[in-house]
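Reviewing the structure listed below.
Basis for what follows: all heavy atoms, side chains included, without hydrogens, waters or symmetry-related copies. The chains referred to below are lettered A, B, ... by the order of the sequence lines, with proteins before strands, and numbering in each begins at 1.
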Amino acid sequence: MTSSPVVWQAIEAFVVLNALLVLVAYVTLLERKFAARMQSRIGPYYVGRPHGWLQPIADALKLMLKEDVVPTASDRGVYNLAPIVFLVPCLLIFATIPFAPELGVADLNIGVLFFLAVSSLEIVGLFMGGWGSNNKYALLSAMRAVNQIISYGLPFIFVALVPVLLAGSLQMSAIVAAQQGLWFVAYPGLGQLAFVLFLVAALAAENRVPFDILEAESELVAGFRVEYSGMKFALIQLGEYAHMLGTSFLGALLFLGGWSGPWPAWFGPIAFLLKAVGIFLLVTWVRWSFVRIRVDQILAISWKLLLPASLVLLLATGFVVALRGAGGA
Amino acid sequence: MTFETVGFWVVAAVLLASSLAVVLTKNLFHAVLYLAAALVATGAVFLLLDSPFLFGVQLLLYAGGVVTIVVFAIMLTERLVGARIAQTSRAVWHGAVVAAAVFVGVVGFLIRAPWPTARPALPADLTPAIGQALVGPFAATLELLGVLLVIALLGALYFARTDD
């Protein structure tokens with residue numbers, strides 16, 4: 001740690017965190033606009049005419065000024081801690097994501113593992129909220145969430161390991177470096193399959209439609225966050241979108257080559273951001289096009305299709321790597 | 001005191017407090033949350049020992065996996081059944097005596113071992129070494145563990161089977 005002092009790293013983390021919050025706020029606007037266009041609507045319009053540019057800021061202000069209601073029957077400590085426990089892992093995953101060569105908070109040599117491990121902690125905050133609210137909808141939602149995350153955690157990890165195997169490293173920057181010639185999504189056969197599986201597993205891990213049974217508004221009102229209001233609601237929402245964005249960044253890193261591509265170096269970080277937002281939009285597109293599927297269907301997809309497929313894919317990747325050697329195509 | 005020493009004492013305090021809370025708290029759900037805290041703190045100990053890989057695995061398997069499954073079990077049994085299950089640790093004092101005995105035993109061993117004052121130099125990256133050890137000298141152990149897990153899985157399937 002002599003080359004990069006702790007103070008410098010703290011400043012870097014502060015900058016990344018704040019940029020991230022702004023990005024997350026505007027990603028919500030992007031999603032609302034995108035969804036509106038898909039449904040022949042205009043979307044947010046009045047606040048910050050003509051495109052609703054100030055809508056996220058107005059939303060944030062509104063949520064901060066709202067009354068914070070705590071249900072009397074709730075398990076107070078757990079209820080109050082839950083949004084924070086939920087948010088922290090969602091923000092922590094960005095610690096290992098490098099935005100350009102040498103530009104990131106910490107380029108750990110176990111970067112991908114760190115990402116997967118930390119994002120698996122999100123579930124703790126989720127069931128704390130579901131349990132602490134003392135509300136049967138919230139509890140049912142938390143049960144479904146646990147169910148779903150047990151099922152989709154494994155395929156997500158296995159698929160994320162395919163690029164790791166191809167690059168021969170868990171370090172994010174090394175994985176990008178291995179894709180200088182050819183992005184892993186273009187790797188014949190393996191790449192495309194892995195990318196599709198990754199998207200499906202990511203959709204489920206982010207609890208998005210068609211896998212959003214845990215917040216299913218028609219049956220569970222809003223799921224585990226039904227009793228939350230004001231800033232606590234905002235924290236949960238923030239965590240959810242940060243997680244989604246983080247997963248998009250991970251996808252862009254693992255499969256779309258991060259910042260690498262046929263452009264000058266300065267454009268790299270911008271390209272990386274565009275790729276991540278592209279994946280986010282792809283996921284949003286799916287969200288606004290499909291209907292929610294049933295619990296048993298979700299579990300069947302995971303255990304009968306995704307898990308075996310990702311295992312076979314991992315095995316096949318292992319063979320390919322053993323035959324050709326690691327380190328890019 | 002260095003940063004690492006301070007870190008160690010903080011983590012140790014959290015670890016001890018949350019471990020005690022797991023056993024002593026009445027509320028079953030709170031006990032699981034304290035368990036999660038204790039497992040994360042254990043991960044932090046690995047991190048302080050320069051083993052980020054074990055930290056990641058600890059988080060992924062224990063804090064993310066085991067805790068989730070325990071919560072699932074509690075949710076299925078407690079609220080949905082309708083009865084409140086309180087944790088009863090009846091033999092707390094017996095447990096304390098046994099724990100103290102184990103502590104004395106471990107310390108007894110440690111005192112006899114020479115204390116190396118300087119930390120041995122580590123290879124730059126331990127993770128590949130762990131991987132190679134698992135498929136090299138410990139390959140048979142790894143495979144046996146795999147068999148064990150398959151047996152556990154089959155057992156679970158046997159208990160979960162429907163009658164028809």
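- Pairs of residues two or more places apart, or lying in two chains, never qualify as salt bridge (Lys or Arg N to Asp or Glu O under 4.0 Å) while including a residue from residues 11-25 of chain B.
- Taking each heavy atom of B:Leu60 and A:Ala117 in turn, the nearest pair found is CD1-CA, 3.5 Å.
- In terms of non-hydrogen atom pairs under 4.5 Å with chain A, the most contact-rich of B:Val40, B:Val67, B:Val32, B:Leu33 is B:Leu33.
- Other residues, nucleotides and ligands place no more than 12 heavy atoms under 6.0 Å from the OH atom of B:Tyr34.
- Listed here is the closest heavy atom pair of A:Leu121 and B:Ala63: CD2-CB, 3.4 Å.
- The aromatic rings of A:Phe127 and B:Phe29 stand perpendicular to each other, their planes meeting at an angle above 60°, with 30° marking the opposite boundary.
- Residue A:Leu81: no heavy atom, backbone or side chain, is found under 4.5 Å from chain B.
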